[in-house]
Amino acid sequence: MCGNCYTMHMSTINADLHCHSTASDGLLSPAAVVERAHANGVDLLALTDHDELAGLEEARATAQALGLRFVNGAEFSVSWLDQTVHIVGLAFDSASPALVEGLHQIRQGRDTRAQRMSDGLAQIGIRGALEGALKYAGNPALISRSHFARHLVSIGVARDVGNVFEHYLVRGKPGFVEHEWASLEDVLGWIHGAGGIAVIAHPGRTRVDKAGMTKLFERFKDLGGEAIEVVSGVQMGADALEYARVARRYGFLASRASDFHGPGESVVDIGRSEILPPDLTPVWERLV
Ligand code: AMP
Ligand code: MN
Ligand code: MN
Ligand code: MN
């Protein structure tokens with residue numbers, strides 16, 4: 001029994017490979033995210049904005065100035081069966097034309113989706129939701145449900161973001177719009193074509209059922225997918241045990257993530273998620 005593996009791991013490296021800035025639905029600028037990571041003792045950071053690379057340059061420059069190791073990242077929206085899953089890409093070439101074009105396509109769908117979300121909310125008497133949400137979008141090219149949620153909280157429709165999602169922004173609710181994101185095949189093709197590593201994000205947070213998740217793991221493995229977030233700030237602590245088993249079974253590398261969006265909104269701060277079970281191979285062994 002390796003009694004001090006946990007401390008060994010922790011003292012070896014504090015990696016956080018999933019967080020957001022104002023380039024997508026985070027509350028802090030890319031520079032402020034990196035400064036916070038540094039202040040929290042992070043050694044290796046990836047900024048992983050939704051479907052967007054716009055924050056990477058500022059983040060990298062800030063990380064360099066602080067002596068913090070940084071890898072490129074993005075969180076890709078993927079349609080899987082009848083649900084959405086998120087795939088994090090790490091350490092890719094951000095100039096890869098196929099990857100850049102693929103992300104451009106995913107983002108384009110967000111504008112019409114947002115208009116339709118706003119129309120749905122108008123039908124129950126909440127007018128001007130798109131304009132309101134855009135006030136919260138640091139990047140107008142990347143309008144997300146989070147921006148709608150913040151706006152709806154600000155006008156008193158619900159008491160917090162989580163409540164807005166539950167009552168207005170999930171399937172079956174007035175502000176929800178069915179949307180076709182990218183395919184798993186395309187996303188892994190873009191990430192691998194750009195020399196990157198693919199990670200299944202917060203598997204405990206998806207709405208895909210158990211059979212659908214098993215299919216996802218199998219297909220992801222077949223496509224050369226490398227890793228899974230065993231530890232994520234938006235999963236239950238107990239999920240780590242389950243996804244550690246998945247990592248062992250499929251031979252996936254393990255990732256550790258906060259999925260930090262901002263102070264006051266995210267429960268787990270950057271660099272402060274639980275550590276990985278010591279027998280798993282951390283994905284950062286491929287990154288450093
Ligand atoms: P979108 O990509 O526009 O569908 O927005 C997805 C984002 O909404 C996620 O990345 C989270 O930041 C946020 N989100 C989704 N579900 C919830 C929830 N139940 N509570 C709080 N935030 C959520
Ligand atoms: Mn988000
Ligand atoms: Mn996500
Ligand atoms: Mn995320």
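Start at 1 and go down the list; that is how both ligands and their atoms are numbered.
Rounded to 10 degrees, the ND1-metal-NE2 angle spanning H86 and H202 at the Mn ion (ligand 3) equals 110°. Here the angle centred on the Mn ion (ligand 2), running from NE2 of H50 over to NE2 of H261, is 120°, rounded to 10°.
For the atom pair OG (S255) and CD (E226), the distance works out to 11.5 Å, reported to the nearest 0.5 Å. Put simply, CG on L121 and CD on Q123 are 9.5 Å apart, with the number rounded to the nearest 0.5 Å.
If you look at E166 next to ligand 1, there are no close heavy atoms at all, none under 4.0 Å. When non-hydrogen atoms are compared, ligand 1 lies under 4.0 Å from the side chain of H50 (C-beta onward) but not from its backbone. Under 4.0 angstrom from ligand 1, the non-hydrogen atoms of R113 all belong to its side chain. By the criterion of a heavy-atom distance under 4.0 Å, the side chain of D25, and not its backbone, is placed next to ligand 1.
D25 contributes OD2 as its N, O or S atom closest to the Mn ion (ligand 2). Looking only at its N/O/S atoms, E75 has OE2 as the one nearest to the Mn ion (ligand 3).
Looking at W181 next to ligand 1, no N or O pair under 3.5 Å apart turns up. For ligand 1, none of its N or O atoms has an N or O atom of H86 under 3.5 Å away.
The protein heavy atom nearest to atom 2 (O) of ligand 1 is R110 NH2, 2.9 Å. Counting only heavy atoms of the protein, atom 19 (N) of ligand 1 lies nearest to R205 NH2, 3.3 Å. Among all protein heavy atoms, the one lying closest to atom 14 (N) of ligand 1 is F165 CZ, 3.2 Å.
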Let me see the working for F252 and F220 under ring pair (Phe, Tyr, Trp, His ring centres under 6.0 Å), right down to the final yes or no.
-> CA-CA 10 Å; F252 294 144; F220 182 76; 5.5 Å; yes
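For ligand 1, the atoms sitting less than 4.0 Å from at least one non-hydrogen atom of V161 are 21 (C), numbered in the order shown with element in parentheses. Close contacts between ligand 1 and R145 involve ligand atoms 1 (P), 3 (O), 4 (O), 5 (O), 6 (C) [criterion: under 4.0 Å to a heavy atom].
With respect to the salt-bridge test (charged N to carboxylate O, under 4.0 angstrom), the residues D279 and R248 qualify. At a threshold of 4.0 Å, the pair D51-R110 counts as salt-bridged, since one of the basic side-chain nitrogens sits closer than that to a carboxylate oxygen. Salt bridge annotation for R150-D25: absent, with no cationic side-chain nitrogen under 4.0 angstrom from a carboxylate oxygen. In this structure, R219 pairs ionically with E185, as a charged nitrogen and a carboxylate oxygen lie closer than 4.0 Å.
Which of S77, A149, S146 comes nearest to atom 11 (C) of ligand 1 through a heavy atom is settled by distance: it is S146.
Counting heavy atoms from C-beta on, the side chains of N40 and D16 never come closer than 4.5 Å.
For the side chain to side chain contact (heavy atoms under 4.5 Å, CB included) with L27, the lone residue among H20, E265, H261 that qualifies is E265.
Applying the 6.0 Å contact sphere to CD of E274 captures no more than 12 heavy atoms from other residues, nucleotides or ligands.
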